[in-house]
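Encoded as structure tokens, the structure appears first; notes follow it.
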Amino acid sequence: MANNEELFKAIISHAKEYGFIFPSSEIYDGLSAVYDYGQYGVELKNNIKQYWWKAMVQYHENIVGIDSAIFMHPTIWKASGHVDAFNDPLIDNKDSKKRYRADVLIEDHIQKIEDKINKEVEKAKKRFENFDEALFRQTNARVVEHQKKIDDITAKYAELMQNNDLAGLKQLIIDLEIACPISGTRNWTDVRQFNLMFSTQMGSVAEGADTIYLRPETAQGIFVNFLNVQKTGRMKIPFGIAQIGKAFRNEIVARQFIFRMREFEQMEMQFFVRPGEELKWFEYWKKERIEWHKALGIAPENYRFHDHEKLAHYANAATDIEFKFPFGFKELEGIHSRTNYDLSRHEEFSGKKLRYFDHETNESYVPYVVETSIGVDRMFLAVFSNAYCEETLEDGSTRVVLRLPAKLAPVKVAVLPLVKKDGMPEKAREIMDMLKPHYLCQYDEKDAIGRRYRRQDAIGTPYCITIDNQTMEDGTVTIRERDSMQQYRVSSDEIINKLKIEI
Ligand code: ATP
């Protein structure tokens with residue numbers, strides 16, 4: 001594959017061609033940044049959700065799940081700060097008429113300088129055998145100069161964002177000579193704030209309908225149910241509430257496929273702790289979450305933490321787990337220590353006490369919260385793009401294979417009679433019936449066996465079971481492994497023991 005852009009295009013078309021993801025409303029030319037999951041996509045997505053739910057709710061005795069409604073009382077979004085501050089700074093290029101996020105233009109510019117540094121480092125690595133990267137970064141004049149540029153821009157940018165200084169952001173874009181990638185010009189409008197929440201009306205107009213919002217995050221449904229769950233579940237601090245559900249954001253620039261969507265799904269968990277213990281729990285969740293990712297067997301160098309230097313006013317620690325997508329390292333999951341901000345604000349706006357009486361300390365307090373928040377669709381993209389592989393085989397032929405972790409693969413086993421006669425289809429059906437209660441299986445008798453294997457490779461099926469002449473004689477079948485393409489014979493009663501699929 002020539003470059004990452006081409007690789008990303010190939011991944012998107014593979015997702016469509018093999019029934020994972022379709023553009024929404026495609027026969028009407030689609031709807032920007034909205035996607036539908038197809039027959040294999042929904043299975044992979046459900047498996048991701050199940051993998052998360054199991055790790056959170058099943059393995060932690062002090063975490064329970066809920067499923068709150070998408071529509072919520074409008075005051076919730078006042079209290080949470082979303083009505084006043086859930087904005088992105090927007091800027092238009094007057095020549096191309098294209099719209100951008102001002103912060104993203106600046107961040108991309110910083111990234112380009114970062115890429116230059118990395119290139120210098122790579123070049124030097126090739127040149128010197130005993131290469132000391134830290135020393136090189138300190139002493140190489142070009143690297144030092146680029147790094148200084150990054151530090152200056154980052155400091156200025158953070159200050160402008162913190163002060164909500166929109167004119168300053170525009171000036172920074174001009175000073176950095178950032179041009180529109182489409183028109184190539186620097187003919188920019190002023191920067192404006194744009195609220196990302198979708199609103200709609202509840203009730204008929206005649207009754208004086210109220211403006212309500214499609215939730216931009218699932219977390220608030222957890223906060224407003226904090227006492228309901230704590231009391232009915234007799235939960236003792238520390239405890240968590242988990243939720244998986246849809247969220248909606250009217251993103252200004254929604255590119256990069258399912259990375260940034262206007263309708264997406266989140267898996268969030270709010271962990272309620274004693275005040276003063278939140279940073280200990282923040283560290284705990286950082287470790288737990290990165291281990292969850294790595295347990296999938298994806299190479300660890302694809303993940304990194306990005307600790308936030310400038311924190312939101314209500315947070316006292318925050319980090320992102322970033323993943324190496326085909327377009328570079330980007331946020332996959334956020335872990336935030338949100339203090340007691342949300343519960344306190346809901347106390348204030350609702351007039352209801354949201355306190356916990358701690359029998360160990362004999363105190364009543366508003367708990368502090370550590371949150372973990374990950375997008376299902378972003379996780380899907382991480383897993384899918386990492387699994388996508390175009391291989392050239394020893395005989396010179398090529399195959400496209402999705403090396404998905406077996407527990408996430410949509411179809412776990414394909415059952416394939418070698419030919420459509422001599423009792424093989426009937427025997428294959430028997431094996432299907434035996435495996436169905438355990439795994440999602442697929443029966444396929446169409447086309448030559450090699451083509452059927454390729455079809456299964458392309459959707460990431462870890463095992464194919466082939467029924468052939470020998471099966472009819474001695475009851476053994478062939479198991480073919482997706483990644484190694486190795487084949488071995490086992491007795492048909494042994495199949496379940498031999499398949500190493502954790503679910
Ligand atoms: P970004 O900076 O990329 O916009 P964010 O910091 O606004 O993300 P959070 O509000 O922390 O994101 O949301 C938690 C998680 O939800 C993110 O880590 C991401 O996985 C997911 N997410 C957020 N916005 C979107 C979106 N528009 N499309 C898909 N997933 C999203």
Side-chain angles (χ1 to χ4, degrees), residues 21 24 31-37 41 45 48-49 52 77 80-82 85-90 100-108 110-111 157-158 161 194-198 214-223 242-270 285-286 289-290 292-293 303-312 314-315 317-325 327-338 341-342 369-385:
I21 298 173
S24 158
L31 185 65
S32 167
V34 185
Y35 290 90
D36 296 337
Y37 285 83
K45 199 175 180 209
I48 289 173
K49 290 194 267 189
W52 184 87
W77 304 111
S80 67
H82 283 81
F86 193 52
N87 301 320
D88 274 342
L90 163 159
Y100 297 91
R101 267 174 62 177
D103 55 334
V104 172
L105 283 180
I106 297 167
E107 281 167 17
D108 284 353
I110 296 173
Q111 185 61 48
Y157 166 58
M161 290 294 280
F194 177 77
N195 192 288
L196 300 184
M197 281 199 295
F198 285 99
L214 297 186
R215 66 180 178 199
E217 60 175 30
T218 61
Q220 297 304 324
I222 296 179
F223 290 125
Q243 165 155 242
I244 300 178
K246 289 265 182 169
F248 304 83
R249 297 183 187 180
N250 199 2
E251 299 281 2
I252 299 172
V253 188
R255 294 198 199 101
Q256 293 168 322
F257 194 36
I258 56 168
F259 180 81
R260 192 173 299 286
M261 302 157 89
R262 295 201 165 107
E263 173 180 341
F264 58 101
E265 238 175 315
Q266 289 185 313
M267 306 188 279
E268 297 199 293
M269 192 278 301
Q270 310 293 323
W285 281 109
K286 256 179 98 167
R289 294 305 301 145
I290 197 76
W292 180 84
H293 286 283
Y303 300 92
R304 71 181 187 196
F305 282 112
H306 171 239
D307 294 332
H308 294 203
E309 278 152 26
K310 290 276 173 195
L311 296 167
Y314 51 82
T319 195
D320 294 335
I321 294 178
E322 293 187 337
F323 184 77
K324 196 171 180 196
F325 289 98
F327 38 84
F329 271 103
K330 294 274 178 215
E331 173 177 341
L332 171 60
E333 168 158 11
I335 301 162
H336 310 121
S337 172
R338 301 180 63 104
Y341 174 81
D342 300 270
V369 171
V370 176
E371 140 181 291
T372 72
S373 173
I374 176 167
V376 179
D377 315 84
R378 262 189 214 181
M379 182 65 191
F380 187 113
L381 183 59
V383 168
F384 194 85
S385 57

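For ligands, and for the atoms within them, numbers begin at 1 and follow the listed sequence. Basis for what follows: all heavy atoms, side chains included, without hydrogens, waters or symmetry-related copies.
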- Do Phe329 and Phe323 have ring centroids that are under 6.0 Å from one another? no
- Hey, does the Lys NZ or Arg CZ of Arg378 hover above the aromatic six-ring of Phe259, less than 6.0 Å from the centre and inside 45° of the axis? yes
Protein N/O near ligand 1 N/O, under 3.5 Å, which pairs?
residue  : atom   : partner : partner atom : Å
ligand 1 : 3 (O)  : Arg260  : NH2          : 3.0
ligand 1 : 3 (O)  : Arg378  : NH1          : 3.0
ligand 1 : 3 (O)  : Arg378  : NH2          : 3.0
ligand 1 : 4 (O)  : Arg260  : NH1          : 2.7
ligand 1 : 6 (O)  : Glu331  : OE1          : 3.2
ligand 1 : 7 (O)  : Arg249  : NH1          : 3.1
ligand 1 : 10 (O) : Arg249  : NH1          : 3.1
ligand 1 : 10 (O) : Arg249  : NH2          : 2.9
ligand 1 : 13 (O) : Gln266  : NE2          : 3.4
ligand 1 : 16 (O) : Gln266  : NE2          : 3.3
ligand 1 : 18 (O) : Glu331  : OE2          : 2.6
ligand 1 : 18 (O) : Leu332  : O            : 3.3
ligand 1 : 20 (O) : Leu332  : O            : 2.9
ligand 1 : 20 (O) : Gly375  : N            : 2.9
ligand 1 : 24 (N) : Arg249  : NH1          : 3.4
ligand 1 : 27 (N) : Glu251  : OE2          : 2.8
ligand 1 : 27 (N) : Met261  : N            : 3.3
ligand 1 : 27 (N) : Met261  : O            : 2.8
ligand 1 : 28 (N) : Phe259  : O            : 3.4
ligand 1 : 28 (N) : Met261  : N            : 2.9

- Residue from Gln266, His293, Glu268, Glu265 passing side chain to side chain contact (heavy atoms under 4.5 Å, CB included) with Ile374: His293
- Query: Given the rule in the side chain to side chain contact (heavy atoms under 4.5 Å, CB included) test, do Lys286 and Asp307 qualify, once you have shown the distances and angles that lead to the verdict?
  - Reply: CA-CA 11 Å; Lys286 256 179 98 167; Asp307 294 332; 3.3 Å; yes
- Message: Looking at every non-hydrogen atom in both residues, tell me the closest pair between Ile48 and Met267 and how far apart they are.
- Response: CG2-CE, 3.9 Å
- Message: Check whether Phe325 forms a cation-pi arrangement with Lys330 (NZ or CZ under 6.0 Å from the six-membered ring centre, at most 45° off the ring normal).
- Response: no
